[in-house]
There are 2 protein chains.
Amino acid sequence: MGYHAHMNVSAKPERTRLSAEDWEDAALRLIADQGVGALAVEALARQLGVTKGSFYWHFRTREALLQAALERWEQYGEREVIAQIEAMPDVRARLPELFRRVAHELAPHRVYAALLKALDHPQVVPVMARVSQRRMEFLTSIYREAGLAPEEALNRARLTYAAYVGFLQLNFTLGLPRISHEEFDAYVEHMIRTLTPA
Amino acid sequence: MGYHAHMNVSAKPERTRLSAEDWEDAALRLIADQGVGALAVEALARQLGVTKGSFYWHFRTREALLQAALERWEQYGEREVIAQIEAMPDVRARLPELFRRVAHELAPHRVYAALLKALDHPQVVPVMARVSQRRMEFLTSIYREAGLAPEEALNRARLTYAAYVGFLQLNFTLGLPRISHEEFDAYVEHMIRTLTPA
DNA sequence: TCGTTACCATACGCATGAGTATGGATTGCG
DNA sequence: CGCAATCCATACTCATGCGTATGGTAACGA
């Protein structure tokens, strides 16, 4: 994601000029594993091997970078999962598949988890509102396909999504009693049994 | 909660000297509605009508205040709910009652929600780990009383608690599509039906 | 009453991090 | 080649917020 295809004949990433997208990607990486609060321009610059002088050519302010990074994440972030699930022919199999997929590919959700902890920051609220809204609507539609009435489907989607969000917090943020791999799978299956309409 | 019973014969809280507990209470109030990141000594001092000079008499550092406030919250915070639920004679009625109670008394959970967003801060992690652990053990025991097998009870408790945590985030942090009062009650009842063993 | 202790104000030092000013280097293009 | 535009470094300013130093005032016991 993001490397402009220069690829000079040299082993290492080799000092090439940077673009705005490079900064946005770096910002998202930093957010993913240190949180929004750690987004400092000088720290980013060090990590990219340059100084502030570079940054302030590409962006007018720190806010601008955060904004751009958020929009970038909202677009290229995670449209794939929804598309893949919707491509499944067997409608009844979509729900369990969605659960298992999300449970086992946690890496793409690290940015979402980080932004969850930055909801006091005004810039992230609208982005998270939109993303969460879209996902919940998707979940609702799946529950409707599974045979629930409109009201039931909506409430079940709310419950499921809340469980998802809470799960993110209680795990790679808080490290609650390091659960084993088998035990985790058992948990996921329990969740599928409990939240999937009979 | 917290006010040492001087209560001089005066109408207003009237400029009396402050104690360490006063600072801790103020800190918890500030954390509850602005987050841990907003915990600054000079801001707190202004809010209490004094200056930093006062603060650094009671505490050695800002970290010390946060630590003391967290421990205070962990102790006096919320033992009551658990006690009240355990006092209920009808075992089968405990679970729905717990759900409804938590859903409608959101104020006491504001500190917990704020700390949830500060899990990158090393000081809050152990506290949140202990509190969350105790609560989940309580939930597990209730599910056992409701007739679930040990494994089932544990997993159901995990699921329920995750839903609780996620609910906190998606509401008074993110303000997801301002749900109406009746609709909220319907949601709570749906949750009870879904998460309570038949 | 007097002094000691507890509590608070004022005025600093010092580190961090955002933003600016300005000049140097590199690239693409005529 | 040579000149612009692009990209980056260096060296500042400025605001914020923690912590310290030190002196002042109110409370309380002897």
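Atom set for the values below is all heavy atoms of this structure, side chains included, hydrogens, waters and symmetry mates excluded. Numbers restart at 1 for each chain; the letters A, B, ... are given by sequence-line order, proteins then strands.
Under a cutoff of 6.0 Å and an axis angle of 45°, B/Arg62 and B/Phe59 do not form a cation-pi pair. Geometrically, A/Arg158 does not engage A/Tyr161 in a cation-pi contact, judged by NZ or CZ lying under 6.0 Å from the ring centre and within 45° of the ring axis. Judged by the 6.0 Å and 45° rule, A/Arg135 forms a cation-pi pair with A/Tyr112.
Contact detail for B/Ala103 and B/Val188: the closest heavy-atom pair is CB-CG2, 3.7 Å. Between A/Arg156 and A/Thr194, the closest heavy-atom pair is NH1-O, 4.3 Å.
A/Arg72 places no side-chain N or O within 3.5 Å of a backbone atom of A/Glu24 that could act as its donor or acceptor partner.
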Interface polar pairs with nucleotides 5-7 of chain C, N/O, under 3.5 angstrom:
unit_1, atom_1, unit_2, atom_2, d
C/dA6, N3, B/Arg17, NH2, 3.4
C/dC7, O4', B/Arg17, NH2, 2.9
C/dC7, O3', B/Arg17, NE, 3.4

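Rounding to the nearest 0.5 angstrom, the gap separating the OH atom in A/Tyr164 from the CG atom in A/Leu98 is 10.0 Å. B/Asp33 CG to A/Asp120 CG: the interatomic distance, rounded to the nearest 0.5 Å, is 11.5 Å.
Atom CD in A/Gln47 sits roughly 18 Å away from atom C1' in D/dC8 (whole-Å rounding).
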Sugar-phosphate atoms are those with a prime plus P, OP1 and OP2; base atoms are the rest. Using that split, label each nucleotide of nucleotides 12-19 of chain C B, S or - for protein heavy atoms under 4.0 Å, 5' to 3'. -----SBB
